[in-house]
Amino acid sequence: MSSSNIETVLQEKRVFPPSPANIKQANISGMEAYRKMVAEAEKDFEGFWAKLARETLAWSKPFTKVLDESKAPFFRWFYDGELNASYNCLDRHLKTQPNKVAIIFEADDGRVTKISYQELHKQVCQFANALKSRSIKQGDRVLIYMPMSIQAVVAMQACARIGATHSVVFGGFSAKSLQERIIDAGAIAVITADGQFRGGKEIPLKPVVDEAFAMGGCENVKDVFVYKRSGSKVPMQEPRDKWWDDAIKGQPETCDPANVDAEHPLFILYTSGSTGKPKASSTPRVAISFGVR
């Protein structure tokens, strides 16, 4: 059925205004404030974004140029400024609210885990140091194939902390999809888990990684970090494969953030697929930089 033949059977016209309390504490307190902000952006969009960038982000090296259009359509934003995404997410909170809850995670079985900024910072630094101990550095590509978990956030933050570009692949994707993304991203490391749970059922992850490697083309991957989530026995190939807990054991709880320019790629996000059977190099992707977009 084409989209032109779809009949709309519900016309929703109700409006649910927020409570006065929510309006008061919101970042944009109502339509009047929103329209004022839009008008400000339309009047001077470079000045508007420069103000937000300076007020909401911590820069290790302040930018002097907001937008470089000299190589249009390859525009560059805040390109001469330097910062670190992990620092902006974590370190800036340590002095004022270290014990505030940063993440509330509810697992498949309903168990709830809460982690503070301070504890999350510690775990991120330990895993970042584990990556560095394997010579993973700024500019390298790391593929993340993990279950929904706090550790998935730790993995992403750790990559950002050392300036490595990460690419998250949905844990339900096939070995072929995984292999294509490993090749296209040029990944030198993979972060995964033994398995995950969905609807009470265990779904393997590490075996899917091994299957992707068996298809060929992933020879650049030198390290595979495996988080123990399901507890199932999985094959481990030494010295390439290492358990998460073993990798962070003895690692320092601090790690200086790598300051990179605002156009440095933070992560690569692939679309879920495309028509036909494309080669790995043609897999659609989007690269997001460290700066504001």
Side-chain angles (χ1 to χ4, degrees), residues 84-86 88-90 102-103 105-108 113 115 120 123-124 127-128 130-131 134 136-198 203-213 217-218 220-230 241 244 247-248 258 260 264-274 278 280-291 293:
N84 182 275
S86 178
N88 275 274
C89 289
L90 302 174
I103 298 175
F105 171 69
E106 183 174 346
D108 187 73
T113 303
I115 186 169
L120 184 58
Q123 292 191 26
V124 168
F127 196 65
L131 296 177
R134 299 302 303 167
I136 299 170
K137 61 188 183 305
Q138 180 175 322
D140 287 337
R141 309 294 177 88
V142 177
L143 190 130
I144 299 174
Y145 185 65
M146 294 190 72
M148 295 291 288
S149 59
I150 289 175
Q151 284 70 28
V153 177
V154 170
M156 290 184 277
Q157 285 284 323
C159 289
R161 197 160 193 88
I162 65 174
T165 300
H166 67 270
S167 178
V168 175
V169 177
F170 171 55
F173 278 6
S174 68
K176 182 59 179 174
S177 296
L178 186 63
Q179 180 232 22
E180 289 179 346
R181 286 156 174 77
I182 290 173
I183 295 172
D184 186 78
I188 66 166
V190 172
I191 305 171
T192 187
D194 48 2
Q196 63 180 328
F197 295 99
R198 289 183 180 273
I203 300 174
L205 288 177
K206 175 58 164 61
V208 178
V209 174
D210 292 334
E211 184 181 348
F213 287 163
C218 304
N220 287 335
V221 175
K222 305 302 180 186
D223 294 280
V224 177
F225 299 89
V226 186
Y227 169 59
K228 192 171 288 186
R229 172 70 180 93
S230 66
D241 301 347
W244 177 293
I248 66 173
V260 297
H264 181 82
L266 174 58
F267 64 85
I268 297 172
L269 180 63
Y270 290 87
T271 61
S272 59
S274 58
S281 60
S282 63
T283 307
R285 62 180 177 176
V286 177
I288 305 298
S289 67
F290 271 63
R293 289 286 184 163

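Counting heavy atoms from C-beta outward, S177 and R181 have side chains that approach closer than 4.5 Å. Inter-residue side-chain proximity for D223 and L131 is flagged as unmet; no heavy-atom pair is nearer than 4.5 Å. For the pair T113/I115, no side-chain contact is recorded, criterion being any heavy-atom separation below 4.5 Å from C-beta on. Annotation: side chain of F213 is in contact with side chain of V190 (closest heavy-atom distance under 4.5 Å).
The main-chain N or O of R229 is found under 3.5 Å from a side-chain atom of D194 such that the two form a donor-acceptor pair. N84 places a side-chain N or O within donor-acceptor distance of the main-chain N or O of A160, the cut-off being under 3.5 Å. Between the side chain of Q138 and the main chain of V260, no donor-acceptor pair closer than 3.5 Å is present.
V169 approaches Y145 most closely through the heavy-atom pair O-CD1, 3.6 Å. A pairwise comparison of heavy atoms in V221 and A187 identifies CG2-O, 3.5 Å as the closest pair. Of all heavy-atom pairs spanning G195 and P147, the tightest one is O-CG, 4.1 Å. Residue Y270 comes nearest to S167 through the heavy atom pair CE1-OG, 3.4 Å, listed as atom of the first residue, atom of the second, then distance.
To the nearest 0.5 Å, atom CD1 of residue I268 and atom NE2 of residue H166 are 9.5 Å apart. The CD atom of Q151 sits 3.5 Å away from atom OH of Y227, with the distance rounded to the nearest 0.5 Å. Atoms OG and CD, on S174 and E180 in that order, are 7.5 Å from each other to the nearest 0.5 Å.
A102 is linked by a side-chain contact (heavy atoms from CB on, under 4.5 Å) to Y117, L120, counting only residues two or more places apart in sequence or in another chain.
Below 30°, between 30° and 60°, or above 60°: for F127 and F225 the angle between ring planes is above 60°, a perpendicular geometry.
Taking 4.0 Å as the cut-off between side-chain N and carboxylate O, K137 and D140 count as a salt-bridged pair.
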Query - side-chain contact (heavy atoms from CB on, under 4.5 Å) assessment of V168 paired with M146 - result: CA-CA 8 Å; V168 175; M146 294 190 72; over 6 Å; no
